[in-house]
Q: 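Submitted below is the structure of interest, expressed as structure tokens.
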Amino acid sequence: MKVTTCKSCGVPIVWIKTQNGRSMPCDAAAVDYQENYKGSATIVTDDGRVLRVMVFKNPSPSGLQPIINGKGYISHFATCPYANRYRRRNND
């Protein structure tokens, strides 16, 4: 996967083609996730699935090991301070 740089904020990003055929910019660092339809985050997998998940970045303070379903990428639209400049409107 080729790593590029966000034109607005300068953070490393990767482009992943979603299952509906659109390319989505994502943060370059993969995160561990657990699938959970009530999860607080949305990630994109290498094969283009967009999933609602719980993301685990650090070990749990309780010492419990979460069940990790895989690695995925957080959409850069969720983390870029300039994302509104690039969002598509519903009529596009």
Side-chain angles (χ1 to χ4, degrees):
M1 199 174 309
K2 184 179 176 185
V3 178
T4 61
T5 304
C6 175
K7 293 176 185 177
S8 296
C9 69
V11 171
I13 59 172
V14 294
W15 290 86
I16 300 176
K17 186 167 282 205
T18 63
Q19 288 184 332
N20 68 7
R22 286 193 163 174
S23 292
M24 181 181 291
C26 297
D27 293 344
V31 295
D32 291 330
Y33 71 87
Q34 178 185 61
E35 288 186 51
N36 183 334
Y37 72 96
K38 292 184 179 179
S40 60
T42 302
I43 58 103
V44 182
T45 61
D46 285 331
D47 61 357
R49 292 179 297 140
V50 178
L51 303 172
R52 196 78 171 152
V53 300
M54 296 292 295
V55 172
F56 299 99
K57 294 182 182 178
N58 298 318
S60 171
S62 67
L64 297 174
Q65 288 290 93
I67 297 171
I68 303 297
N69 293 114
K71 289 198 176 283
Y73 299 87
I74 296 174
S75 169
H76 191 59
F77 286 115
T79 60
C80 183
Y82 305 103
N84 285 336
R85 292 182 186 174
Y86 300 98
R87 291 188 194 278
R88 292 184 181 199
R89 305 248 189 290
N90 287 337
N91 58 359
D92 284 350

Q: Would you say C9 and P81 make side-chain contact, with heavy atoms under 4.5 Å?
A: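 Yes - at least one pair of side-chain heavy atoms lies under 4.5 Å apart.
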Q: According to salt bridge (charged side-chain N to carboxylate O under 4.0 Å, His left out), does anything in residues 3-19 pair up with another residue at least two apart or in another chain? List the pairs.
A: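 For residues 3-19: none.
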Q: Are I16 and V50 connected into the same hydrophobic cluster when the rule is that any two of I, L, V, M, F, W, Y join if their side-chain heavy atoms are below 4.5 Å apart?
A: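 Yes; I16 is reachable from V50 via cluster members.
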Q: At what distance, to the nearest 0.5 angstrom, does SG of C26 lie from OH of Y73?
A: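 Output value for this atom pair is 9.0 Å.
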Q: Distance check, rounded to the nearest 0.5 Å: F77 atom CZ versus N84 atom CG?
A: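 Here the interatomic distance stands at 9.5 Å.
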Q: Who passes side-chain contact (heavy atoms from CB on, under 4.5 Å) against T79, sequence neighbours left out?
A: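 In terms of side-chain contact (heavy atoms from CB on, under 4.5 Å), with neighbours along the sequence ignored, T79 is linked to D27, I74, H76.
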Q: Any chain of hydrophobic side-chain contacts (each under 4.5 Å) joining M24 to V14?
A: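 Yes; V14 is reachable from M24 via cluster members.
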Q: Show every donor-acceptor pair shorter than 3.5 Å between a side-chain atom in residues 29-36 and any protein atom, with sequence neighbours excluded, or say none if there are none.
A:
from, atom 1, to, atom 2, distance (Å)
D32, OD1, K71, NZ, 2.7
Q34, NE2, I67, O, 3.2
N36, OD1, K38, N, 2.8
N36, OD1, G39, N, 3.4

Q: Please list, chain by chain and in numerical order, all residues satisfying side-chain hydrogen bond (donor to acceptor under 3.5 Å, both in side chains) with D47, sequence neighbours excluded.
A: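 Only T45, R49 meet the side-chain hydrogen bond (donor to acceptor under 3.5 Å, both in side chains) criterion with D47.
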Q: For residues M54 and I43: do they belong to one hydrophobic cluster (side chain heavy atoms under 4.5 Å, members Ile, Leu, Val, Met, Phe, Trp, Tyr)?
A: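 No: no chain of side-chain contacts under 4.5 Å links M54 to I43.
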Q: Looking only at non-hydrogen atoms, find the nearest pair between T5 and G10 and report the distance.
A: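 Shortest heavy-atom contact: CG2-O, 3.2 Å.
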Q: Please identify each residue that fulfils side-chain hydrogen bond (donor to acceptor under 3.5 Å, both in side chains) with T4, with sequence neighbours left out.
A: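 Scan of T4 (side-chain hydrogen bond (donor to acceptor under 3.5 Å, both in side chains), adjacent residues dropped) gives none.
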